[in-house]
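Down below is the structure, laid out as structure tokens.
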Amino acid sequence: MASIWRLSVLCGAQRGRALFLRTPVVRPAQISAFLQDQPTPGWCGIQHVHLSPSRHSGSKAASLHWTGERVVSVLLLGLLPAAYLNPSSTMDYSLAAVLTLHSHWGLGQVVTDYVHKDAVQKAAKAGLLALSAFTFAGLCYFNYHDVGICKAVAMLWKL
């Protein structure tokens, strides 16, 4: 509490009101209500913090998705040295699939976190799906018609 009061003093507060916020100095009761997502009289701040999409809250699908993301990340950690030690067509296509899936899920979280309107979010997710499909198709094309991901990275390292 003392640090919040000192912060308000540093920001030029007068009589317990911060000038740039135009709201009363935050009190522990308001913080508690904020964390419990309850309205607080006299508080005009935004109180809703959504950490994940509401369609996944409380479902087993969210847990399975989280586990799948971790499995793909660990698989990617193992695939990178294996592809360096044993470059082959199997490694090339495995890298294409895992890299695309890992990127798709990561960018999907960025869309979920930063795009808020439903129509825009649906369009962004459709664009992301198209981008991921083109990325996978391009990597497979590169693997089939050119040297492949493993040899291409080795050639870059030789430069």
Could you give all pairs that pass the side-chain hydrogen bond (donor to acceptor under 3.5 Å, both in side chains) test and reach residues 67-79, with sequence neighbours left out?
-> His65-Glu69
Who are the side chain to side chain contact (heavy atoms under 4.5 Å, CB included) partners of Thr135, not counting sequence neighbours?
-> Thr100, Leu131, Leu139
List, by chain and number, the other hydrophobic cluster members for Leu156, where Ile, Leu, Val, Met, Phe, Trp and Tyr join if side-chain heavy atoms come within less than 4.5 Å, directly or indirectly.
-> Leu159
Only counting residues at least two apart or in another chain, list the ones meeting side chain to side chain contact (heavy atoms under 4.5 Å, CB included) with Leu129.
-> His104
Answer whether the closest heavy-atom distance between the side chains of Ser89 and Asn143 falls below 4.5 Å.
-> no
Could you check if a side-chain atom of Phe136 sits within less than 4.5 angstrom of a side-chain atom of Cys140, using non-hydrogen atoms only?
-> yes
With sequence neighbours left out, the residues meeting ring-ring contact (aromatic ring centres under 6.0 Å, His included) with Phe134 are none
Could you work out the complete set of other residues in the hydrophobic cluster of Val120, with links drawn between I, L, V, M, F, W and Y side chains under 4.5 Å apart?
-> Val111, Val115
Transitive ILVMFWY side-chain link Trp157 to Leu85, under 4.5 Å = yes
Contacts of type side chain to side chain contact (heavy atoms under 4.5 Å, CB included), residue Ser88, not counting sequence neighbours = Thr90, Met91
Partners meeting side chain to side chain contact (heavy atoms under 4.5 Å, CB included) with Ala152 (sequence neighbours left out) = Phe142, Val147
The reported gap from CD in Gln121 to CG in Asp113 (rounded to nearest 0.5 angstrom) is 9.5 Å
Single-linkage hydrophobic cluster Leu76~Leu107, side-chain heavy atoms < 4.5 angstrom = no
Side-chain cluster (under 4.5 Å, hydrophobic types only) that Tyr93 belongs to, other residues = Tyr144
ring-ring contact (aromatic ring centres under 6.0 Å, His included) against His145, all qualifying residues, sequence neighbours excluded = Tyr141
Spell out, yes or no, whether Trp105 and Leu95 are grouped together once hydrophobic residues are joined by side-chain heavy atoms under 4.5 Å, including indirect joins.
-> yes
Report yes if the side chains of Lys125 and Thr112 come closer than 4.5 Å at any heavy-atom pair, otherwise no.
-> yes
ILVMFWY clustering at 4.5 Å (side-chain atoms), partners of Tyr114 | Val110
Separation between CG of Leu99 and CG of Leu79, rounded to the nearest 0.5 Å | 8.5 Å
When rounded to the nearest 0.5 angstrom, what distance separates CG in Asn86 from SG in Cys150?
-> 8.5 Å
